[in-house]
Amino acid sequence: MRRNGRGTGQDRGGRDDRARSRVPLRRSLLGRLLGVSALVAACSVAATAWIAVQTTSGAILQEQGRTLTADARIYDTLLGYAARNRTWDGVDATVRELAEQSGRRVALTTRSRRPLADSATAETPPALPPEASAVVDPLSVDTVLAARSTEGQGTDADRIDPRAVGPYLLPTSERTHLRQLADRNAVCLNRAGVAADVVVGPSGRPKVQMVGSDPGRAVDTKCGLTDLETPTRTEQKALDALNGLADACLKRQGREGVRLDQDLYWSRTVSDAPRQRPPDDARETRPVPVPEPPREFTGEDDRAVASCVGTARSEQLSSYVASPALLFIGDDGGTTVPGFDLSPANTAKIAGAAALVLALTVGASVLAGTRLVRPLHALTGAAQQMRDGEEHASVPVSGDDEIGRLAAAFNDMSAHRARLEEQRKAMVSDVAHELRTPLSNIRGWLEAAQDGLADPDPAFVSSLLEEAVQLQHIIDDLQDLAAADAGVLRLHPEQVRVGELLHQVAAAHQAGADTAGVTLRVEAAPAPEVRADPVRLRQAVGNLVSNAVRHTPAGGTVTLRAYGAGARPRAGSGVGPGAGSGEVVIEVADTGMGIPAGDLDHVFDRFWRAEKSRSRRTGGSGLGLAIVRKLAEAHGGTVGAASTEGAGSAFTLRLPVTPPTP
């Protein structure tokens with residue numbers, strides 16, 4: 001017996017597939033590829049531009065810094081020469097040496113542009129630029145260039161080069177005496193646990209410098225550090241001269257004179273007045289800062305004293321240093337603009353930055369490509385497994401994009417293929433079983449007749465004929481199913497009055513129904529019309545009636561109804577809607593044993609029967625309801641089943657109404 005409650009559902013599935021195919025661009029594979037490509041391109045361009053700018057700018061600044069440092073070294077060397085010499089005589093050797101070291105042209109002139117020294121080797125040197133690179137004046141140091149020099153000792157606080165010592169230069173006897181005192185103090189400090197060393201200044205005065213120790217610890221050592229603070233005779237003489245020049249300057253301003261000490265601190269001329277500390281721009285920087293004592297000077301007084309002290313120092317040293325000179329640093333063409341080429345190290349940095357960006361770009365592209373191609377590899381492997389004979393192979397579904405939907409469709413196809421393979425094997429087994437039974441019976445009777453065990457009487461021939469007819473029915477049903485599966489089932493549609501067709505089917509099965517004790521009843525007046533193949537439609541309805549009669553016990557009823565899909569008539573009313581409905585329903589209902597709910601999904605499967613033992617008590621090949629479904633689908637309709645176990649079943653054949661042709 002064949003029953004089924006499932007419709008085709010193909011239209012709904014097709015609509016779902018089409019809906020899934022319209023995935024938003026941001027979730028599609030194309031969108032992901034475009035997004036990844038755009039992101040990689042943007043990041044690559046931005047990273048390349050940023051790194052190139054940063055690296056190139058850094059390289060340029062580094063090269064410029066090297067050039068400026070070299071220029072500052074040239075300036076500092078010449079500044080030291082001017083601080084230690086009264087004239088520029090003999091500076092030519094120093095200028096040539098600096099030019100060789102820096103690879104630049106170095107030239108010195110007076111303020112009136114009279115040449116003092118020039119490293120240019122041409123017979124007629126190129127003209128010097130209108131602007132000088134710097135002014136070499138030890139009494140007015142360019143603090144920017146001095147700060148860039150690794151050898152210079154000038155600071156922002158003192159515009160006088162410390163190497164310009166002039167009258168403060170110590171003679172040999174005083175140097176020797178002070179060095180002995182300094183060495184003795186350094187040894188004393190080292191023994192006391194204070195790391196100390198002796199440093200000699202430009203004037204030849206030694207100083208004890210403590211290394212990495214707290215200067216306050218030296219106070220408790222009693223090493224006689226104050227002995228070195230007393231000015232020598234030479235220093236005192238020069239200091240008195242400086243003090244006189246400063247006092248003269250202050251008196252011209254109507255101010256009181258001051259007393260200067262060796263460190264250029266000043267105080268009132270009264271002996272017990274507290275010492276004053278000059279502002280930072282009027283004193284040298286000492287390695288060990290001295291705490292500033294309370295001041296009696298106002299801010300204006302301090303500025304005036306600092307100005308006079310600076311003026312006095314310049315006046316005192318002017319006769320001991322070379323006159324100011326203009327310094328020109330440039331190339332052989334005469335320009336002072338720093339020209340440079342990128343060094344191999346900086347060139348390697350830029351190349352390395354570009355290579356890094358390229359590597360990151362390639363890595364990101366490979367990573368994105370691998371993530372996109374991985375599911376395709378999985379699909380390829382699964383397809384190869386199916387080709388090699390695997391019954392079922394599936395791949396993981398990672399998303400809802402094109403690849404994800406392809407993976408889901410592949411999994412559905414694989415599962416459907418596995419089900420079809422199982423159905424094919426079951427069908428072959430069922431066909432073999434169905435054909436074996438009548439063939440075995442025919443063979444048995446024929447062998448019995450051949451051996452003389454059975455007489456070929458009418459009963460014998462009737463039995464053989466019955467088995468042959470059963471065989472013919474199975475073969476015909478298989479042919480119909482094969483034609484339907486191949487899509488070559490031929491239909492000859494015409495306008496069919498459904499009521500007349502139901503009466504014809506009932507008349508054809510009346511004899512069998514009477515034999516089984518089953519009542520056939522038709523309710524189809526007035527009946528709608530459909531455009532269908534009358535032969536195939538009678539075959540489909542006949543299969544339903546035959547199936548209902550076989551499974552209805554004696555005394556039961558099989559009812560054939562036809563009505564429009566808009567309304568169902570009441571049982572026994574005999575009334576149905578006319579042909580105006582969009583769908584015609586043909587219903588075959590019985591009062592038989594019913595179908596269990598778990599079997600309704602299988603009643604239209606081929607060779608499926610509720611009688612699992614395959615006994616021939618109810619007859620049938622198990623193909624009738626499968627043929628009904630194929631014929632309904634060929635007409636553009638559907639077939640379904642509903643049942644209540646123990647109360648009966650109802651099979652409905654739904655066909656679309658086609659208006660009659662004119």
Side-chain angles (χ1 to χ4, degrees), residues 1-10 12-13 415-416 418-434 437 470 473-474 477 481 505 509 512-513 515-521 539-561 568 571 585-633 637-654:
M1 179 173 63
R2 305 235 171 213
R3 316 281 199 207
N4 186 19
R6 98 192 141 172
T8 60
Q10 294 179 348
R12 184 178 61 255
H416 182 64
R419 289 194 300 270
L420 290 179
E421 184 65 17
E422 293 177 0
Q423 291 175 1
R424 183 189 66 81
K425 293 179 179 178
M427 185 182 71
V428 170
S429 176
D430 291 338
V431 168
H433 182 275
E434 295 295 337
T437 300
Q470 180 66 20
H473 285 168
I474 295 175
D477 290 346
L481 287 174
V505 173
H509 290 80
T515 302
V518 176
T519 301
L520 283 180
R521 186 170 60 190
Q539 180 184 1
V541 178
N543 286 355
L544 293 178
V545 173
S546 175
N547 183 75
V549 170
R550 281 198 307 269
H551 294 88
T552 300
T557 301
V558 175
T559 304
L560 285 72
R561 298 188 183 95
R568 177 176 176 175
V585 180
I586 299 174
E587 181 180 288
V588 178
D590 62 60
T591 58
M593 64 186 72
I595 305 172
D599 294 339
L600 281 175
D601 291 338
H602 303 286
V603 294
F604 290 101
D605 293 343
R606 301 175 187 184
F607 295 106
W608 187 91
R609 294 188 298 186
E611 191 66 33
K612 304 303 180 183
S613 62
R614 294 184 178 273
S615 69
R616 306 191 66 80
R617 178 179 62 82
T618 57
S621 63
L623 296 174
L625 293 182
I627 293 175
V628 172
R629 182 173 64 180
K630 289 296 183 181
L631 292 176
E633 293 173 353
T638 60
V639 65
S643 179
T644 302
E645 193 170 1
S649 305
F651 288 80
T652 54
L653 183 64
R654 296 178 176 269

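- Contact between G542 and H509 at its shortest, heavy atoms only, is O-NE2, 3.4 Å.
- Shown here are the side chain to side chain contact (heavy atoms under 4.5 Å, CB included) partners of T559, two or more places apart in sequence or in another chain: R521, E523, T557, R561.
- With rounding to the nearest 0.5 Å, the separation of CG in N543 from CG in L631 is 7.5 Å.
- Nearest heavy-atom pair, V628 versus A540, reported as atom, atom and distance to 0.1 Å: CG2-O, 3.4 Å.
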List the steps, then state whether side-chain contact (heavy atoms from CB on, under 4.5 Å) holds for L544 with L560.
CA-CA 10 Å; L544 293 178; L560 285 72; over 6 Å; no
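- Side chains of F651 and N547 form a contact here, defined as non-hydrogen atoms less than 4.5 Å apart.
- Not counting sequence neighbours, the partners of T552 by the side chain to side chain contact (heavy atoms under 4.5 Å, CB included) test are V518, V558, D590, T591.
- Residue T638 is tested with R654, R629, E633 for a side chain to side chain contact (heavy atoms under 4.5 Å, CB included); the sole match is R654.
- Of all heavy-atom pairs spanning G592 and P553, the tightest one is CA-CD, 3.7 Å.
- Of all heavy-atom pairs between S649 and G594, the closest is OG-CA, 3.6 Å.
- To the nearest 0.5 Å, atoms CD (Q539) and OG (S546) are separated by 11.5 Å.
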